[in-house]
Amino acid sequence: MNARTYFIRTYGCQMNEHDSERAAGVLETMGYRPADDAEAADLVLFNTCAIRENADHKLYGHLSQLKPLKLTDPGKQVVVGGCLAQKDQGAIAERAPWVDVVYGTHNLARLPALLRQADSAALPVVEIIEQTEAFPSALPARREVAHHAWVSISIGCDNTCTFCIVPSLRGPEKSRRMGDILAEVRSLVADGVSEVTLLGQNVNSYGRDLVRRGEIAAPGRRNRTLFAELLHALGDVDGLERIRFTSPHPKDFTSDVFAAMRDIPAVCEHLHLPLQSGSDRILRRMQRSYRAHRFLDLVSEARGTIPGVAISTDIIVGFPGETDEDFEQTMQVTAAAAFDSAYTFEYSRRPGTAAVDLDGHLEPSLVNVRYRRLAARTRELAGASNARQIGTVQELLIEGPSKTDARRMSGRTRTNRLVHVARHPLARAGALVPARLEEAASFYLLGAVTDAPLDAPVGTPLPAANVPAR
Ligand code: 5AD
Ligand code: SF4
């Protein structure tokens, strides 16, 4: 008999990409094999996101598309897991009663048992639990690409950002033991992985809960934070070429992490530092405890300490109570930080978060006008940052064939710039190759593999004139 096949659709963040790889690993240990698309698959798993409302709409849209297939082929299994499942719980099974299994953010390991239960159940099997002791990394994985791996260093979040649903879905912060992280990374490297991305909702508060519970002594050796300590330990893993991490919180950022990024060859010159808003008044309403000046000081320190560093960010437009003046401050801080890339979002109302009860919710049309202005500005900054790299030779880690042009391969620089190069015998998936960067757009560069020596990435100067007055 042919093996049953599966297809996973992932919404949302890198945490979810990581969970999906684990879900694939779990399904493969059950004997399932990958299918090319949802139509062909015997089992379709939706790994959902709850962070913004449009993720809800997308899921329910995709579920409706699947309904006729499920009705003609009752053997087809439909599984919904992850953040939106955790948030909506029984509601998913009510709105889409043709699903077989609904599970949350803490019980992926239970998937085989839930699928077996569903085999003999007339109604959807729904299991949502509030907390777990297990890290998803402890489950088997089927990685999308052979040379890269996500590694979770903590799960959950202890912050109280008023816009964010995550703490209520992923629970309080829980750090993974350093020894377990190192052991996983060593075995990944032995398996051919050369790049890891460390994942946590708030990576630079890593280990605080371990100290609180007395599991490790504080502070770390040499007075370093435990996160810097972890970077140093990973920097000593032979064969690990690139270390990335996401996301740090500006309020917890410490100089030892900048020093680690400068001193550890494997740690990439890329920093993702979420701004959220450039207005102190809005930051206060968001319960983000840093202020715009502190944020810009961090940006200056990063650019001053780590040669060539690229800085990306997340910004929310239209938070309740945001005035024109608040928004102009976001525009000013954006220009002053000269972000190398940015993810910009329109504020999305998430029932269950504190922001829902704030006054001053804005008209969507006003939010959209502001959003388009900010997005245009960040696109311009990204294009300028990429243009500064033209003519330099930088190391690419080749990811695979370009998604838009079969004649090219795509890779990333250490600064996380996407580069498409013409096919070349050396440009194989997983290879590290020098490429000369020749043309720039806002979201990618074009280049060619070369045997010329590597240049340093070109850093972004701070436009001092734009820094708002203190
Ligand atoms: N509305 C819009 N954007 C949000 N984010 C988180 N919650 C919301 C929300 N309610 C954004 C933040 C965060 C990123 C992952 O998603 O910018 O950093
Ligand atoms: Fe990731 Fe947050 Fe979306 Fe969950 S709600 S998938 S943690 S972005």
Side-chain angles (χ1 to χ4, degrees), residues 10-19 47-58 82-84 86-88 105 150 152 154-170 173 197 199-205 244-253 270-279 282-283 285-290 292 295 298 311-322 326-327 330 333-334 337 339 341-358 360-364 366-368 370-372 374-375 378 416:
T10 307
Y11 306 81
C13 66
Q14 288 138 330
M15 209 76 64
N16 261 20
E17 302 277 340
H18 172 265
D19 289 352
N47 191 9
T48 61
C49 172
I51 201 137
R52 284 172 292 273
E53 205 178 351
N54 53 7
D56 295 26
H57 298 322
K58 263 198 240 159
C83 288
L84 190 66
Q86 188 80 24
K87 177 167 103 42
D88 284 3
T105 49
W150 309 104
S152 66
S154 61
I155 51 177
C157 182
D158 285 343
N159 292 325
T160 53
C161 304
T162 52
F163 52 78
C164 190
I165 189 85
V166 173
S168 69
L169 301 178
R170 297 227 172 208
E173 182 172 82
T197 304
L199 291 179
Q201 298 299 342
N202 192 1
V203 288
N204 49 349
S205 59
R244 303 184 183 280
F245 56 86
T246 194
S247 292
H249 193 304
K251 84 171 158 53
D252 295 313
F253 217 102
H270 172 223
L271 176 67
H272 184 72
L273 198 60
L275 169 65
Q276 311 300 8
S277 170
S279 152
I282 295 298
L283 286 170
R285 282 168 75 89
M286 288 176 162
Q287 285 192 34
R288 303 272 296 176
S289 57
Y290 56 91
F295 186 91
L298 285 173
I311 303 181
S312 57
T313 198
D314 293 338
I315 304 173
I316 299 176
V317 175
F319 187 78
E322 184 186 78
D326 293 318
F327 175 66
T330 296
V333 174
T334 297
F339 293 116
S341 75
Y343 299 91
T344 49
F345 308 104
E346 291 173 286
Y347 168 73
S348 174
R349 202 176 160 277
R350 305 277 60 203
T353 60
V356 167
D357 299 322
L358 292 176
H361 284 260
L362 303 182
E363 275 302 314
L366 171 65
V367 177
N368 189 254
R370 289 182 186 165
Y371 170 80
R372 280 186 282 131
L374 179 67
T378 56
N416 208 34

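Order of appearance sets the numbers: ligands from 1, and atoms from 1 within every ligand. Positions are given from 1 along the sequence.
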Can you classify the ring geometry of F163 versus F319 as parallel (below 30°), tilted (30 to 60°) or perpendicular (above 60°)? perpendicular
Report the part of I316 (side chain from C-beta onward, or backbone N, CA, C, O) that has a heavy atom under 4.0 Å from ligand 1; answer both or neither where that applies. side chain
Using a strict 4.0 Å cut-off to heavy atoms of Q276, name the atoms of ligand 1 that fall inside it. 12 (C), 13 (C), 17 (O), 18 (O)
If the plane angle is over 60° it's perpendicular, under 30° parallel, otherwise tilted; pick one for Y347 and H361. tilted
Find out whether L298 and Y290 are in side-chain contact, i.e. whether some heavy atom of one side chain is under 4.5 Å from a heavy atom of the other. no
Side chain to side chain, N202 and D158, heavy atoms closer than 4.5 Å: no
Backbone or side chain, does any N or O of F163 fall under 3.5 Å from an N or O of ligand 1? yes
Using a 4.0 Å cutoff against the non-hydrogen atoms of S348, which atoms of ligand 1 qualify? 1 (N), 2 (C), 9 (C), 10 (N)
Side-chain donor-acceptor contact under 3.5 Å, E173 with S205: yes
Minimum heavy-atom distance S279-S277, with the two atoms named: N-OG, 3.0 Å
Decide whether an N or O pair under 3.5 Å exists between Y347 and ligand 1. no
Can you tell me if E346 has a non-hydrogen atom under 4.0 Å from ligand 1? yes
Out of T353, T162, D314, I315, who gets a non-hydrogen atom closest to atom 15 (C) of ligand 1? D314
Polar proximity ligand 1 side, R350 side, N/O cut 3.5 Å exclusive: no
